[in-house]
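Note that ligands are numbered from 1 as they come in the structure, with each ligand's atoms numbered from 1 the same way.
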Amino acid sequence: MEAEDLATQWERLHLSKEESSFFHANPEQYTEEAARGKYYLVGKALTEKSVNSEGFRVTMSQIWKLDGWVIFKKLGEQCFLIEFQKLVDKERVLRGRPWFFDRHLLTMMEVDEKISIHALHFHFEPFWVQLHNLPLATMTEDFGQQFVGSIGHVIKVEAEVDGRAWARCLRVRVAVDLHKPLLRGKWLKLGEKQHWISFKYERLQNFCFKCGVLSHKGRNCARLRAEQQGDEQA
Ligand SMILES: [Zn+2]
């Protein structure tokens, strides 16, 4: 029986005296717990395989090089609750995204005290995206905001105070939608001329160029395997 059905059935029942009496929680104690929630992150590795807890703990502690301690609690096959001793460490980890474990993208979320951990949906992860081949006139913050809006939510564009960018490419921090195939680039039409603007995602690993997704690559791709099998039979 589904949990929801069960809950609806329970609601129809008359409550006993004990059931209908309130349990009074101490608000002070609750505030303390809620304040501790600021020190947590929930991380999920984008893989279908189970993640080894000890391997995860050792690797991530080494990569992050934190000032304080960090505790990992396994919540599921690929999911961990990560508790930081210091808020600065947590913020440093969030700023340094994306992170990878064993080449799999580690998606991260802050903990919302008002919802259950099982209700969290890992949907977006910030990446630095480099835009190559832009005409000089479009190397600006405003252009970056508008052009990259098609990939996902733009967090910031790397530019000087006057809004111009003087580098070999334009770097844009974008919250990438993990459920959509990544764009490899995009056509730009400026006046009569058209330009292919290629997107380079910094630190991108475990990316399937066949499907355009982040959850697998190469020989783990079902599409690629099906095609290869088709070739062998032909
Ligand atoms: Zn694939």
Taking distance alone, no hydrogens or angles, what donor-acceptor pairs closer than 3.5 Å link side-chain atoms of residues 78-105 to residues at least two apart or in another chain?
{"residue": "Gln78", "atom": "NE2", "partner": "Thr47", "partner atom": "O", "Å": "3.4"}
{"residue": "Gln78", "atom": "NE2", "partner": "Glu48", "partner atom": "O", "Å": "3.3"}
{"residue": "Gln78", "atom": "NE2", "partner": "Lys49", "partner atom": "O", "Å": "3.1"}
{"residue": "Glu83", "atom": "OE2", "partner": "Arg36", "partner atom": "NE", "Å": "3.1"}
{"residue": "Glu83", "atom": "OE2", "partner": "Arg36", "partner atom": "NH2", "Å": "2.9"}
{"residue": "Gln85", "atom": "OE1", "partner": "Trp69", "partner atom": "N", "Å": "3.0"}
{"residue": "Gln85", "atom": "OE1", "partner": "Trp69", "partner atom": "NE1", "Å": "3.4"}
{"residue": "Asp89", "atom": "OD1", "partner": "Asp67", "partner atom": "N", "Å": "3.2"}
{"residue": "Asp89", "atom": "OD2", "partner": "Asp67", "partner atom": "N", "Å": "3.3"}
{"residue": "Asp89", "atom": "OD2", "partner": "Gly68", "partner atom": "N", "Å": "2.8"}
{"residue": "Lys90", "atom": "NZ", "partner": "Lys38", "partner atom": "O", "Å": "2.7"}
{"residue": "Lys90", "atom": "NZ", "partner": "Glu110", "partner atom": "OE1", "Å": "2.6"}
{"residue": "Arg92", "atom": "NH1", "partner": "Lys65", "partner atom": "O", "Å": "3.2"}
{"residue": "Arg92", "atom": "NH2", "partner": "Asp67", "partner atom": "OD2", "Å": "3.4"}
{"residue": "Arg97", "atom": "NE", "partner": "Leu94", "partner atom": "O", "Å": "2.8"}
{"residue": "Trp99", "atom": "NE1", "partner": "Val93", "partner atom": "O", "Å": "2.7"}
{"residue": "His104", "atom": "ND1", "partner": "Asn206", "partner atom": "ND2", "Å": "2.8"}

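- The number of heavy-atom neighbours closer than 6.0 Å to NZ of Lys186, taken from other residues, nucleotides and ligands shown, is 12 or below.
- Using a 30° and 60° split on the angle between ring planes, Tyr201 and Phe199 fall in the perpendicular class, above 60°.
- More than 12 non-hydrogen atoms from other residues, nucleotides or ligands lie less than 6.0 angstrom from CZ of Arg203.
- For the Zn ion (ligand 1), the neighbouring protein N/O/S atoms at less than 2.8 Å, given as residue and atom, are Cys208 SG, Cys211 SG, His216 NE2, Cys221 SG.
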TODO: Determine, stepwise, if the pair Lys193 / His195 fulfils side chain to side chain contact (heavy atoms under 4.5 Å, CB included).
DONE: CA-CA 7 Å; Lys193 282 197 172 167; His195 308 261; 3.8 Å; yes
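- Thr107 places a side-chain N or O within donor-acceptor distance of the main-chain N or O of Lys44, the cut-off being under 3.5 Å.
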